[in-house]
Enquirer: 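Please see the structure below; I have some questions.
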Amino acid sequence: MRVRRFTAALAAIGLVGLVGCSSDAGDDAGTPDATVPVETDAEFDAGTTMADLAEAGTITVGTKFDQPGFGLISPQDVPEGFDVEIAKIIAGALGIAADDIEWIESVSANREPFLQNGEVDMVVATYTINDERKQIVDFAGPYYVAGQDIMVAAGNPLAVEGPESFADIRVCSVTGSTPAGYVQENFPDADLTLFAEYSLCAEALKNDQVDAVTTDNVILTSFVAQDPESFELIGAPFTEEPYGIGVPLGDDEFRSFINDVLEASFEDGSWAAAWDATAGAITDTPAPEPPSVDRY
Ligand code: GLU
């Protein structure tokens, strides 16, 4: 398994890029993949992305490295989370074992460019499907539906109740994300700080440099679960964020294949097991009903 990181220091000053920091976590790095089956006799039509990936025996996946419950890199350099498990399920259906996945940290702003320039084969990274993004990438899914929410300091000292507070408080979100877009569109005069990663917003909230962090409820819930002394969730989502698997624009066969795999995982319990082992465990919530795949 190979892992490539985005540099938070560069991210913080707004430079989006990769550095050549790679590591090989080896075969015994504790990857919780025992339950993800690997197809042993997968066959695909020649010339398809599936055939190419199966033949190569590896797939490059863009995911988050700083979001507990969805995509978080462990101290042993092993990515963990619901998105990571979903990616393993898809890789498994291609005949690719979890150890043969190459993980590339994809922050919110570089998901589209990474798909456009072939840096990754797919993105599984709390990635909202929307029409604007569909102009330049395609999406399988959704495999989960989140909603934008707000995290504040424990005790909610400024009595934030919902997005209307964005006009009066210092709010933090992430460049290239739909929650940042929501604030910019609806509260153009808001005091908005943009970082490359949500963990930097959480840190800024903890240090009283901002009053609130806004993004999807499931991302914030995991930050609160990890540090309830510092953080609190408002818990009143005000948008719908259907999470999709990003694939290069126009690769309809690959998109359709992933949709088949997702639907099978909804049916056979592997999707729910992935939830229970990751985001569900951290936030102590049962797996919801899986959403309906949108084969647009
Ligand atoms: N789901 C939203 C998005 O895709 C917010 C989470 C994120 O930035 O990853 O923009």
Side-chain angles (χ1 to χ4, degrees), residues 5-6 8 11-12 14 16 61-73 79-87 103-116 120 122-151 163 166 171-186 192-205 210 212-224 233-234 237-247 278-279 282-283 288 291 294:
R5 293 170 186 282
F6 179 81
V16 174
V61 179
T63 196
K64 299 293 183 87
F65 279 13
D66 75 320
Q67 293 178 197
F70 276 78
L72 183 71
I73 196 93
E80 294 169 347
F82 187 54
D83 283 339
V84 169
E85 293 305 305
I86 295 293
W103 303 98
I104 298 202
E105 181 174 23
S106 300
V107 299
S108 301
N110 63 23
R111 293 174 295 197
E112 289 92 51
F114 276 10
L115 286 167
Q116 287 175 298
V120 298
M122 65 179 182
V123 168
V124 194
T126 59
Y127 198 7
T128 295
I129 303 170
N130 65 30
D131 288 341
E132 201 185 327
R133 290 175 176 164
K134 275 191 205 162
Q135 303 294 312
I136 46 179
V137 298
D138 268 314
F139 291 97
Y143 61 94
Y144 186 80
V145 182
Q148 183 173 351
D149 210 324
I150 305 170
M151 180 171 83
F166 291 151
V171 59
C172 189
S173 196
V174 159
T175 307
S177 70
T178 51
Y182 178 95
V183 178
Q184 286 163 326
E185 206 168 290
N186 295 289
L192 173 66
T193 298
L194 291 177
F195 287 122
E197 300 174 290
Y198 293 107
S199 51
L200 298 173
C201 281
E203 214 174 292
L205 177 58
V210 297
V213 180
T214 188
T215 185
D216 302 340
N217 50 358
V218 278
I219 299 172
L220 298 174
T221 311
S222 298
F223 279 117
V224 173
L233 185 76
I234 297 305
F238 46 89
T239 67
E240 229 175 57
E241 309 289 330
Y243 287 177
I245 317 281
V247 298
T278 57
I282 290 183
T283 60
D294 175 16

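Order of listing sets the numbers, starting from 1, for every ligand and every atom in it.
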Enquirer: Using a 4.0 Å heavy-atom threshold (strictly under), name the region of R133 that reaches ligand 1: side chain, backbone, both or neither.
Expert: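 Side chain only.
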Enquirer: Do Y243 and ligand 1 have an N or O pair less than 3.5 Å apart?
Expert: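 Not met; the criterion fails.
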Enquirer: Would you mind running through ligand 1 and noting each atom that sits below 4.0 Å from a heavy atom of S108?
Expert: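 Heavy-atom distances to S108 below 4.0 Å select 7 (C), 8 (O), 9 (O).
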Enquirer: Does ligand 1 come near enough to T215 that some N or O of the ligand is less than 3.5 Å from an N or O of the residue?
Expert: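 Between T215 and ligand 1 (N or O atoms, distance only) the closest approach is not under 3.5 Å.
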Enquirer: Which atoms from ligand 1 have a heavy atom of K64 less than 4.0 Å away?
Expert: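 Those atoms are 7 (C), 8 (O), 9 (O).
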Enquirer: Where on T178 is there a heavy atom closer than 4.0 Å to ligand 1, on the side chain, on the backbone, on both, or on neither?
Expert: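 Both backbone and side chain.
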Enquirer: Applying a heavy-atom cut-off of 4.0 Å, say which part of P179 lies close to ligand 1: side chain, backbone, both or neither.
Expert: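 The side chain, only.
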Enquirer: Checking the N or O distance criterion of under 3.5 Å, is ligand 1 in contact with S177?
Expert: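 No, since none of the N or O atoms of S177 sits under 3.5 Å from an N or O of ligand 1.
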Enquirer: Is it the case that more than 12 heavy atoms not belonging to E240 sit under 6.0 Å from its CD atom?
Expert: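 Count not over threshold, so no.
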Enquirer: Measure the OH-OG1 distance between Y243 and T128 for me, rounded to the nearest 0.5 Å.
Expert: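 The distance works out to 6.0 Å.
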Enquirer: Compare all side-chain heavy atoms of Y127 with those of R133 and state whether any distance is below 4.5 angstrom.
Expert: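 Yes - at least one pair of side-chain heavy atoms lies under 4.5 Å apart.
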Enquirer: N186 versus Y182: any side-chain heavy-atom pair under 4.5 Å?
Expert: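 Yes, close enough: below the 4.5 Å cut-off.
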Enquirer: What atoms of ligand 1 come within less than 4.0 Å of a heavy atom belonging to I219?
Expert: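 Here the atoms of ligand 1 in question are 6 (C).
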Enquirer: Once rounded to the nearest 0.5 Å, what's the spacing between atom OG1 of T283 and atom CZ of F223?
Expert: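 One finds 13.5 Å between OG1 of T283 and CZ of F223.
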Enquirer: Donor-acceptor check, side chain of N217 to backbone of G147, threshold 3.5 angstrom: yes or no?
Expert: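 Side chain of N217 to backbone of G147, a donor-acceptor pair under 3.5 Å: yes, one is there.
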Enquirer: Could you tell me how the ring of Y143 sits relative to the ring of F82: parallel (under 30°), tilted (30 to 60°) or perpendicular (over 60°)?
Expert: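 It falls in the tilted class, 30° to 60°.
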Enquirer: Counting each atom of ligand 1 from 1 as listed, which ones have a heavy atom of A125 under 4.0 Å away?
Expert: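 Close to A125: 9 (O).
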Enquirer: Determine, step by step, whether E105 and K64 satisfy the salt bridge (charged side-chain N to carboxylate O under 4.0 Å, His left out) criterion, reporting the C-alpha distance in whole Å, the side-chain angles of both residues, the deciding distance to 0.1 Å, and the verdict.
Expert: CA-CA 5 Å; E105 181 174 23; K64 299 293 183 87; over 6 Å; no
Enquirer: Against ligand 1, does Q148 come closer than 4.0 Å with any heavy atom?
Expert: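 It does not, in that no heavy atom of Q148 comes within the 4.0 Å cut-off of ligand 1.
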Enquirer: List every atom of ligand 1 that sits less than 4.0 Å from any heavy atom of Y127, numbering the atoms from 1 in the order shown and giving each element.
Expert: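 Answer for ligand 1: 4 (O).
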